[in-house]
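To start, the structure under review is shown below, and the notes come after it.
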There are 2 protein chains.
Amino acid sequence: MAAASIRDVAQHAGVSVGTVSNVLNRPGEVSAESMQRVHRAIEDLGYVRNDAARKLRAGTSSTVGFVVLDGQNPFFGDVVRGAEDEASSHGIAVLYGNTDEDVARERLYLDLFEEQQVRGVLISPYSDINPRLERLRSRGIPAVLVDRFSGDGRFSSVSVDSVVGGRMAVEHLIETGRRRIAFAGGPFEIRQVTDRLAGARVAAENSTEPVDIEVVATAALTVAEGAAAGARIISRPRREWPDAIFAANDLLALGLLQALIVDGRMLVPEDIALIGFDDIAFASAAAVPLSSMRQPSGMIGRTALRILLEETSDPSLIPRQTVFLPQLVVRRSTAAKGTSGET
Amino acid sequence: MAAASIRDVAQHAGVSVGTVSNVLNRPGEVSAESMQRVHRAIEDLGYVRNDAARKLRAGTSSTVGFVVLDGQNPFFGDVVRGAEDEASSHGIAVLYGNTDEDVARERLYLDLFEEQQVRGVLISPYSDINPRLERLRSRGIPAVLVDRFSGDGRFSSVSVDSVVGGRMAVEHLIETGRRRIAFAGGPFEIRQVTDRLAGARVAAENSTEPVDIEVVATAALTVAEGAAAGARIISRPRREWPDAIFAANDLLALGLLQALIVDGRMLVPEDIALIGFDDIAFASAAAVPLSSMRQPSGMIGRTALRILLEETSDPSLIPRQTVFLPQLVVRRSTAAKGTSGET
DNA sequence: AATCGAACCTGAATCGATTCACTTCAGATT
DNA sequence: AATCTGAAGTGAATCGATTCAGGTTCGATT
């Protein structure tokens, strides 16, 4: 009952192993009759290619690895999905690992992918792993950074301009009459967080009126952390309440929203405006529909995978940075004070 | 700059390949000195094990495959996460594929996993793939069904009792005074959908008062389909409106909720109660916090992976069915008519 | 009839880690 | 001194798909 090998198939079909291999990989160079007999034998024996042997010989495989920062975040779910769609149309599978903002796991998955000799790696990096990626490249495994601009241009990247996004978000808050703005986000090791904050500050500085940006640090970009941050803000004396919050992503924003609603003293958007980042599917279904900076998530995944495949087939390509611009999606949570706004 | 092989390491360390292999796999049988020299050589050359060669020889790998029904659904995200956590503590990686309720992709991923000779397969099946799984098993690759009871007991499974869940949900609706209940769900190829409906019918039949269960079929279990179903319900003459909806999962429920709120003629929960299934993180953050049947999602993943590993190490184990009971989580969306209820 | 070329096929060599029958050798035992 | 023991180490054989230099066949051309 041991699995049939290509040799068994060859014997059963009465041809050589080379011919069987040709049937599988170069159907053009095989006579119709051999073709048929080999297929027949494959059917009879229930033969399935042994990927390990193929990989050993070929030195490369048809999977790519994707190291994701936060698998729980629907935003990354959408990115992965985009990459997967693109991959499957090339007959490639996506091996996927979740780092959860943990340096050890990040390394673990990169090691694993290297041992597996994946075709290439997509990664939304948490720590600074350029040296690690250089090494992968020297072994013929290219990498593309996802959702993160490659500042030094050593790798291709597909990202959204978080600085611009942060600026647009806060400009929008200022336009709708907010002046005391809290930025909720963290940890600051995550580049997107610092970029979005930087953009927020630019907007504040460019404003003709004085605008305060205050930082409310969170330990992670999750709903629970958002709720905790909300509780901290509420517990202050009333005169220290901000009149708007820009959350570093939608999960945080939804947690904040939940905390504010449960408490009930600050109304969204009447007393306090709230805007998130990512525009995940649940933002529009929130208690107060959430304004957000939309990222073209599926497109990011597709594009990253396409670039990766190009680089695998031509390693001499120069790294290129693809940057999308986020798009402001206005919903009720940032309606001007005292109005009910659009739903 | 070709990657170093075990032979290069052996040469560099001045020992044989067998010794290097022993250092890697049986550290006890090697002298301290060889040990050190080999490690030194590995360091110097940047040697990384070639997984393909190892797998070819060993006939098995240290990855498991997980075929997921709907990667976009946070519920499955949580399940995968649970499995991944458990796996990583055993030094095992999870290769993950999304079928999106598509028979072809389901088959594609199973083929891929078979070629890759994964250690085992976790699958939340869409179509009837028992024969396919039998074949995998005959090749030494066990499978565990996730979120689906194995009716014939031929495979181990980890699931939640959807019939009981459906019953509990509808009993709750009846208790809060609802009598004209719509069940929103589909396609009916998905076992969970039919089970939840069956449970709903049991609750209706057991009720002392006459209770109507009406079926509103959807094409998929998504937010968009939920919104569409909502629109269809609203468009009816007012006297044919149900006074409660039991949605087959939370995504549907959130879509329904969105449609009802935008329309504004039916208030939740005053005119119509709404309950979902899964209790995903966003249910509590919804416009009207959503009642739901909670599934222990992370636990399902962990348990499935643990059982799978047990079966890989002892293939003679008899399949066992693990069933969790869902838990009713009451929020505002099912408050009794005319009350405001708990938040 | 001889020659040629295209189409098709063959089978040994190869990839790199693991395994295991076999060797080596220092020290213990007789 | 001869023999034995066990720890440590060796290296050829193995896994299965792919590749490619070389073979065979056969109809077309001269």
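Remember, it's a predicted structure, so these values are computed and weren't measured experimentally. Sequence lines set the chain letters: A, B, ... in the order given, protein chains first and strands last, and positions in each chain run from 1.
Between dT19(D), dT18(C), dC15(D), one nucleotide has an atom nearer to the side chain of L56(B) than all others, and that is dC15(D). Looking at the side chain of S34(A), the nearest of the listed nucleotides dT10(D), dC8(C), dT19(D) is dC8(C). For R49(B), the listed nucleotide lying nearest its side chain is dA17(C); candidates were dA17(C), dT10(D), dG11(C). The T19(B) side chain lies nearest to dG9(D) when the options are dT10(C), dT18(D), dG9(D). Closest contact between the side chain of N50(A) and the listed nucleotides dT18(D), dA17(D), dT10(C) involves dA17(D).
Taking only side-chain nitrogens and oxygens, S31(A) comes nearer than 4.0 Å to OP1 or OP2 of dC9(C). For R26(A), no side-chain nitrogen or oxygen approaches OP1 or OP2 of dT18(D) to under 4.0 Å. Remark: N22(A) is not in phosphate contact with dC8(C), judged by side-chain N or O atoms under 4.0 Å from OP1 or OP2. Between dG16(D) and R57(B), no contact under 4.0 Å exists linking OP1 or OP2 to a side-chain N or O. Phosphate contact (OP1/OP2 of dA17(D), side-chain N/O of Y47(A), threshold under 4.0 Å): present. Taking only side-chain nitrogens and oxygens, S5(B) never comes nearer than 4.0 Å to OP1 or OP2 of dG16(C).
Atom CD of E29(B) and atom P of dG9(D) are 10 Å apart (whole Å). Taking atom CD of E115(A) as the reference point, atom C1' of dG16(C) lies 13 Å away to the nearest angstrom. Q117(A) has its CD atom 12 Å from the C1' atom of dA17(C), to the nearest Å. Rounded to an integer number of Å, the gap from CD of Q11(A) to P of dC9(C) is 18 Å. Going from atom CG of L24(A) over to atom C1' of dT18(D) covers 11 Å, rounded to whole Å.
The pair E114(A)-R49(B) does not meet the salt-bridge criterion, since no charged nitrogen lies less than 4.0 angstrom from a carboxylate oxygen.
Counting any heavy atom pair closer than 4.0 Å across all strands shown, V20(B) reaches no nucleic acid atom. At a threshold of 4.0 angstrom between heavy atoms, the contacts of R7(A) include nucleobase atoms, whether or not backbone atoms are also involved. Across all strands, D51(A) comes closer than 4.0 Å to no nucleic acid atom at all (heavy-atom distances).
Of the two residues contacting DNA chain C, namely G28(A) and V17(A), the nearest-nucleotide position lying further toward the 5' end is that of G28(A). Summary of the strand contacts: A53(A) and G18(B) both lie near DNA chain D, and taking for each the nucleotide with the nearest heavy atom, the more 5' one is attributed to G18(B). Nearer the 5' end of DNA chain D, as judged by each residue's closest nucleotide, is the contact made by V15(B), out of N25(A) and V15(B).
The number of heavy atoms from other shown groups lying within 6.0 Å of CZ (R107(A)) does not exceed 12. The neighbour count for Q11(A) CD, taken as heavy atoms of other residues, nucleotides or ligands under 6.0 Å away, does not exceed 12.
Without hydrogens or angle criteria, R119(A) side chain to V64(A) main chain gives no donor-acceptor distance under 3.5 Å. Under the 3.5 Å distance criterion, the side-chain polar atoms of T99(A) are left unmatched by any main-chain donor or acceptor of D102(A). A distance-only check finds no donor-acceptor pair linking the side chain of K55(B) to the backbone of D51(A) [under 3.5 Å].
Checked by distance alone, R54(A) brings no side-chain donor or acceptor within 3.5 Å of a matching partner on the base of dT18(D).
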